[in-house]
K.L.:
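Before we start, here is the structure in question, set down as structure tokens.
Numbering starts at 1 and runs along the sequence shown. Model, not experiment: these values are computed from the prediction.
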Amino acid sequence: MTNRWKSIGLAALLAGLTLSTSYAEAAGVLTIGRREDSTTFDPIKTAQNIDNWVFSNVYDVLIRVDKTGTKLEPGLAESWTASDDGLTYTFKIRDTKFSDGSPLTAEDAAYSLLRIRDDPASLWSDSYKVIDTAVATDAHTLTIKLKNPSAPFLSTLALPNASVISKKGMESLGADAYGEKPIASGAFVIEEWRRGDRVILKKNPNFWQADRVKLDGVEWISVPDDNTRMLNVQAGELDAAIFVPFSRVEELKKDPNLKLAIDASTREDHLLINHAHGALGKKEVRQALDLAIDKKAIVDTVTFGQGTVANSYIPKGALYYYADNLQRPYDPAKAKEMLAAAGASDLTLNYLVRAGDEVDEQTAVLVQQQLQKAGITANLQKVDPSQEWDMTVAGDYDISVNYWTNDILDPDQKTTFVLGHDSNNNYLTNYKNEAVKELVAKARLELDPKKREAMYVDLQKMAKDDVNWIDLYYSPYINVSRKNIENFYQNPLGRFFLEDTVKN
């Protein structure tokens with residue numbers, strides 16, 4: 001999912017300059033610097049990494065993705081079986097409790113799945129409409145019947161947004177209050193959320209793997225400026241920080257007090273294109289834009305060689321990635337010809353840029369210069385991060401760089417979100433292709449792996465031909481921690497396994 005945010009206040013900026021004192025001074029509390037604050041702790045209401053990466057340790061799911069990011073393993077469901085026709089799944093729910101001491105039951109699991117399917121506020125309903133019924137046949141048995149067999153179904157249960165929440169708690173507190181301070185089913189519970197500053201977590205003694213958790217607590221602290229965040233770690237004011245700028249990698253590697261982690265990821269950076277804006281609705285114009293951008297130069301200059309050029313919306317190494325997908329060459333002359341033929345010779349674009357993000361700003365300058373060689377004027381509109389996401393959602397942009405990391409093992413989630421449905425205008429691009437949409441739905445139902453792979457190969461080809469967006473590059477997760485921190489790790493889907501992290 002994306003990593004964009006809705007609100008960073010002045011408090012967050014000040015936090016980047018002087019980290020306030022807190023119970024993080026306790027030996028067993030891990031402090032992590034990140035760019036932005038959370039937006040909600042209601043799982044169904046967000047599609048942002050800044051939320052999911054925190055509440056993956058506040059909530060637990062029925063089925064998890066393991067540390068390697070390659071296979072499923074038991075979570076709150078200790079086991080499950082499927083009927084021969086692939087329509088009925090039966091899950092055995094662990095004998096455990098929520099953070100408030102109330103029992104966690106199959107009824108809570110059923111409620112959570114029906115809520116993500118049916119609630120009007122859910123951003124993920126399409127992925128769960130395959131569920132016909134979800135019923136607690138007893139306190140520890142959940143039976144789910146599907147409308148039709150679904151290849152990605154088990155994978156969708158590992159989505160953090162499908163976390164198990166307390167039915168009683170949600171109904172008594174209401175969605176707004178629960179989204180502020182939820183009843184936890186995971187390793188940590190929210191002690192306090194200081195908006196614009198930090199989220200303070202403490203160990204959940206009722207977590208079913210509480211003995212596994214070594215930390216007393218975690219603080220996620222908002223430090224929007226990349227370089228300030230790195231300086232805070234170097235000075236020992238933070239135990240760890242995420243989103244290390246590419247330009248700081250070599251320097252931080254040499255610091256004897258630090259550990260730099262470069263972990264495999266499913267991150268793909270891309271240039272969003274608003275198809276609803278004038279000439280951008282023409283496929284030939286979007287193809288010309290693709291030809292006018294030198295992705296290798298961006299990789300070399302912006303990522304300092306840490307990235308690799310992307311050729312598909314499915315990230316390299318992920319299920320059904322098509323390595324031979326089209327990669328248009330950098331050809332500004334050809335792009336200029338195509339624009340002239342499409343009646344868009346003097347194309348002028350509004351390029352929305354996140355101010356203060358080193359990589360975003362560097363990429364924008366490079367792309368602006370490259371487009372100019374094809375006769376395209378890109379006016380850079382630098383906006384505060386608190387505005388940028390809302391403007392993108394509102395469609396108040398022509399082009400803008402964004403990124404996505406996978407949340408489940410199956411490609412259905414990302415494919416549905418960016419190509420195959422209408423609820424988010426195909427991830428803010430207004431991309432429309434009915435043949436693509438139909439194939440996305442068909443691929444979800446195909447159970448033969450070879451046939452299904454062929455469908456995803458076709459989808460990657462069709463998306464590239466249409467230029468739903470412009471694939472830029474794949475890159476790893478790069479995080480830093482102090483030497484006394486052990487097991488600060490992120491799997492390829494982005495989950496931090498803080499239940500295993502140790503602060504010595």
Side-chain angles (χ1 to χ4, degrees), residues 1-2 47 117 120 122-131 146-153 155-156 268 270-290 310-315 318-322 324-326 328 338 341-344 392-395 397-400 402 404 406 408 410-448 450-471:
M1 67 180 53
T2 185
R117 184 194 70 179
S122 174
L123 298 182
W124 302 97
S125 58
D126 280 13
S127 295
Y128 297 87
K129 286 178 180 175
V130 70
I131 297 175
L146 305 184
K147 297 173 183 176
N148 43 256
S150 171
F153 176 64
S155 286
T156 64
E268 185 237 354
H270 44 263
L271 186 73
L272 291 177
I273 302 173
N274 191 342
H275 297 216
H277 281 192
L280 295 178
K282 297 181 180 180
K283 179 168 71 173
E284 296 78 13
V285 171
R286 299 193 300 272
Q287 290 175 340
L289 284 175
D290 198 9
N311 67 333
S312 170
Y313 74 91
I314 293 182
L319 184 64
Y320 302 144
Y321 165 70
Y322 181 45
D324 295 327
N325 203 32
L326 174 66
R328 291 186 179 89
M338 291 183 68
T392 307
V393 171
Y397 79 101
D398 291 326
I399 57 175
S400 181
N402 206 326
W404 181 285
N406 288 357
I408 68 173
D410 196 276
D412 174 68
Q413 179 213 14
K414 185 177 184 181
T415 303
T416 298
F417 220 75
V418 305
L419 301 179
H421 70 138
D422 303 318
S423 64
N424 68 349
N425 295 318
N426 280 327
Y427 201 58
L428 317 176
T429 62
N430 294 292
Y431 169 60
K432 289 180 175 63
N433 184 320
E434 287 303 315
V436 168
K437 185 176 180 180
E438 289 174 10
L439 187 56
V440 171
K442 188 176 179 182
R444 189 180 303 129
L445 305 180
E446 180 55 62
L447 300 181
D448 184 307
K450 289 186 178 179
K451 291 180 180 179
R452 194 161 185 254
E453 180 175 13
M455 291 177 179
Y456 279 103
V457 168
D458 285 344
L459 284 166
Q460 289 169 82
K461 290 178 179 178
M462 295 163 81
K464 180 64 71 173
D465 182 59
D466 282 342
V467 193
N468 68 300
W469 64 31
I470 294 174
D471 302 305

K.L.:
So for atom NZ, which belongs to K442, do other residues, nucleotides or ligands contribute more than 12 heavy atoms lying within a distance under 6.0 Å?
P.N.:
no
K.L.:
Hey, does the side chain of R452 reach the backbone of A443 with a donor-acceptor pair shorter than 3.5 angstrom?
P.N.:
yes
K.L.:
Could you tell me how the ring of Y320 sits relative to the ring of Y456: parallel (under 30°), tilted (30 to 60°) or perpendicular (over 60°)?
P.N.:
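Y320 vs Y456 ring planes: parallel.
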K.L.:
Taking all atoms of both residues into account, what is the closest heavy-atom pair of H275 and R286, and its distance?
P.N.:
CE1-NE, 3.2 Å
K.L.:
Of the options P315, P411, S155, which is the one that meets N406 in a side-chain contact (heavy atoms from CB on, under 4.5 Å)?
P.N.:
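Testing N406 for a side-chain contact (heavy atoms from CB on, under 4.5 Å) against P315, P411, S155 leaves exactly one candidate, P315.
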K.L.:
State the CD1-OH distance between I273 and Y431, to the nearest 0.5 angstrom.
P.N.:
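I273 CD1 to Y431 OH: 11.5 Å, rounded to 0.5 Å.
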K.L.:
Does the side chain of W469 pick up a donor-acceptor pair with the side chain of D471 at under 3.5 Å?
P.N.:
yes
K.L.:
Fit a plane to each ring of H270 and Y427, take the angle between them on a 0 to 90° scale, and name the class: parallel (under 30°), tilted (30 to 60°) or perpendicular (over 60°).
P.N.:
perpendicular
K.L.:
Find the distance between CD (E453) and CG (D458) and round it off to the nearest 0.5 Å.
P.N.:
11.0 Å
K.L.:
Say you draw a straight line from CG of D290 to CE of M338; how long is it, rounded to the nearest 0.5 Å?
P.N.:
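The distance works out to 9.5 Å.
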K.L.:
For residues L447 and A151, report the shortest heavy-atom separation together with the two atoms involved.
P.N.:
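Closest pair (atom of L447, atom of A151, distance): CD2-N, 3.7 Å.
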K.L.:
Is there a side-chain contact between L280 and L289, using heavy atoms and a 4.5 Å cut-off?
P.N.:
yes
K.L.:
State, to 0.1 Å, how close N426 and G420 come at their nearest heavy-atom pair, and which atoms those are.
P.N.:
OD1-N, 3.3 Å
K.L.:
Out of curiosity, Q460 CD to I314 CD1, how far, rounded to the nearest 0.5 Å?
P.N.:
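The CD1 atom of I314 is 3.5 Å from CD of Q460, to the nearest 0.5 Å.
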K.L.:
Is it the case that the side chain of N274 and the backbone of Y397 share a donor-acceptor pair, with hydrogens and angles ignored and the cut-off at 3.5 Å?
P.N.:
yes
K.L.:
Can you tell me how far apart CG (L459) and NZ (K464) are? Round to the nearest 0.5 Å.
P.N.:
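Output value for this atom pair is 14.0 Å.
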K.L.:
Taking all non-hydrogen atoms of both residues into account, name the closest pair between K147 and I131 and its distance.
P.N.:
CE-O, 3.7 Å
K.L.:
Check E284 against A342 and note the closest heavy-atom contact, atom names and distance.
P.N.:
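Distance-wise, the nearest heavy atoms are CB-CB, 4.4 Å.
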K.L.:
Can you list the steps and then say if K461 with L326 is a side chain to side chain contact (heavy atoms under 4.5 Å, CB included)?
P.N.:
CA-CA 7 Å; K461 290 178 179 178; L326 174 66; over 6 Å; no
K.L.:
Could you go step by step and tell me if K283 and D465 meet the salt bridge (Lys or Arg N to Asp or Glu O under 4.0 Å) rule?
P.N.:
CA-CA 8 Å; K283 179 168 71 173; D465 182 59; 3.0 Å; yes
K.L.:
What's the spacing between L428 CG and F417 CZ if we round to 0.5 Å?
P.N.:
8.0 Å
K.L.:
Hey, which of N148, D412, T415, T156 is the one that makes side-chain hydrogen bond (donor to acceptor under 3.5 Å, both in side chains) with R444?
P.N.:
D412
K.L.:
Looking only at the side chains, is there a donor atom on one of Y313 and N468 sitting less than 3.5 Å from an acceptor on the other?
P.N.:
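No - no donor-acceptor pair under 3.5 Å links their side chains.
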K.L.:
Indicate yes or no: at least one non-hydrogen side-chain atom of V467 is less than 4.5 angstrom from one of R328.
P.N.:
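Sidechains of R328 and V467: in contact.
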